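Each chain gets a letter, A, B and so on, in the order its sequence line appears, and its residues count up from 1. Keep in mind it's a predicted model, so treat the numbers as computed, not measured.
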2 protein chains.
Amino acid sequence: MTEKEVNTEDKILNAAKEVFQKKGMTGARMHEIADKAGINKALLHYYYRTKERLFEKVFENAFSLIIPRVKEMIASEKSILEKIDFFVDNYIELLKQHPYIPGFIINELNRNPHILIDIIEKNTLVKQEHLIEVLEKQIENDVKANKIRAIDARSLLINILALCVFPVVARPVLTGVLFENDPKAYEKFLSQRKDLVKEFIKNALLL
Amino acid sequence: MTEKEVNTEDKILNAAKEVFQKKGMTGARMHEIADKAGINKALLHYYYRTKERLFEKVFENAFSLIIPRVKEMIASEKSILEKIDFFVDNYIELLKQHPYIPGFIINELNRNPHILIDIIEKNTLVKQEHLIEVLEKQIENDVKANKIRAIDARSLLINILALCVFPVVARPVLTGVLFENDPKAYEKFLSQRKDLVKEFIKNALLL
DNA sequence: GTCTATACACTGATAGAC
DNA sequence: GTCTATCAGTGTATAGAC
């Protein structure tokens, strides 16, 4: 696909990414991945031994592209309100570039929660107890200063994530039920959403 | 499973529901469904001809259990703020009783968006242009009366849905990343969420 | 209606030539 | 490293006896 696919290994991984994210682990076919990579089925097994190993590589890449960014963006030296703006802007932009990944991650983890355990251990960026603590401290200070309403740090973070991610993963249902199955209309709705979400959250938070 | 499974057809449908919702269309096996129903593989085809037909029945049941309720609950004779309380309370309760259905619907529709078209035509409860119009009128009036902030009706509805549904569909990720993989802690978080969501939305809305 | 047996296509994976 | 050929297993679906 892209010009930088020098070696076969990358060609396979890119093809696998496409097929797995579209069809899921159980729906994907090694045959289709091989075709899309322009190589033979046997080569898949030469490079990745089994379907499961290939899937795990794809899943890990998708996961570490989307999830650790939450910590990155929240852990900056900013006020709460600045963090919200920064996070919503950048995360919605990130999701626009990778619209299939959140649904892929959510679905595969629901089918097979244990794959998360290995990844969390490998990916140090995900271990983020401090993220919550820092956020809690910040909220506590702003509450004392009468700037914002009291709220549990995890709840706030999950609310923000929900407002950013849900419209992307539930796109087909929402398009069908609330936008008379008009993809253009839903696209327009999504493009206007950044400011709306920021406003909604800040209104909920500010005193 | 339940005592009312008089006929084989229902036994199959209940078993199919379990397996399809857990494994998805492509991950489910007719063999497993037959075993779970306590009957033979051949009988599945006697009653439902193909795997796809059986799946469609299961999907339609799940869909019409969860989606048309949105209209039902919003279309009552209540003020906006009353509707929010009513909706959040009842929808979160509904999701607690059927925690796998939202993820199931979202995933299958992402893989195969066309199945929604047939259902919307069959299920008159989903055709709800008026729902949005009524909500728009209500918001307009409350805005004029200086009760609430201006907001697009679809955006408000999607925000409410996001805050209710996302924590349920993203449970494994959130448990792993934000709750140190402690299911009990996440369960507790969810059980306290009703009031939190209602408060969050109303704060965002009220002037 | 329910069962057993079986057809038959497909899937993931390997062997072995080049 | 890459290919062709092929295997063993599994999956949906049907035929036919009871």
Any N/O pairs under 3.5 Å between the protein and nucleotides 2-4 of chain D? List them or say none.
unit_1 : atom_1 : unit_2   : atom_2 : d
dT2(D) : OP1    : Thr8(A)  : OG1    : 2.9
dT2(D) : OP2    : Thr8(A)  : OG1    : 3.1
dT2(D) : OP2    : Tyr47(A) : OH     : 2.6
dC3(D) : OP2    : Asn40(A) : N      : 3.3
dT4(D) : OP2    : Asn40(A) : ND2    : 3.0

Residue-phosphate contact under 4.0 Å: [X] side-chain N/O, [N] OP1/OP2:
X	N	answer
Arg49(A)	dA13(C)	no
His45(B)	dT14(D)	no
His31(A)	dT11(C)	no

[X] [atom1] - [N] [atom2] separation (whole Å):
X	N	atom1	atom2	answer
Glu52(B)	dG11(D)	CD	P	18 Å
Phe55(B)	dT12(D)	CZ	P	13 Å
Phe20(B)	dG11(D)	CZ	C1'	13 Å
Lys51(B)	dC10(C)	NZ	P	15 Å
Ile33(A)	dA13(C)	CD1	P	11 Å
Arg53(A)	dT14(C)	CZ	P	11 Å
Arg29(B)	dG11(D)	CZ	P	5 Å

- [ ] Mind checking Ala28(A) for me? I need base, sugar-phosphate or nothing, with any heavy atom below 4.0 Å counting as a touch.
- [x] sugar-phosphate

Please check: side-chain N/O of [X] versus main-chain N/O of [Y], any donor-acceptor pairing under 3.5 Å?
X	Y	value
Asn110(B)	Val169(A)	yes
Glu32(B)	Arg29(B)	no
Asn112(B)	Glu108(B)	no

Open item on the list: Does the plane of the ring in Tyr91(B) sit parallel, tilted or perpendicular to the ring in Phe87(B)? Use 30° and 60° as the thresholds.
Closed with: parallel

Open item on the list: Once you measure the plane-to-plane angle for Phe104(A) and Phe55(A), does it fall in the parallel (<30°), tilted (30-60°) or perpendicular (>60°) bin?
Closed with: perpendicular

Task: Side chain to side chain, Leu205(A) and Leu156(A), heavy atoms closer than 4.5 Å - done: yes

Open item on the list: Can you tell me which residue among Lys23(B), Lys36(B), Lys11(B) is in a salt bridge (charged side-chain N to carboxylate O under 4.0 Å, His left out) with Glu18(B)?
Closed with: Lys36(B)

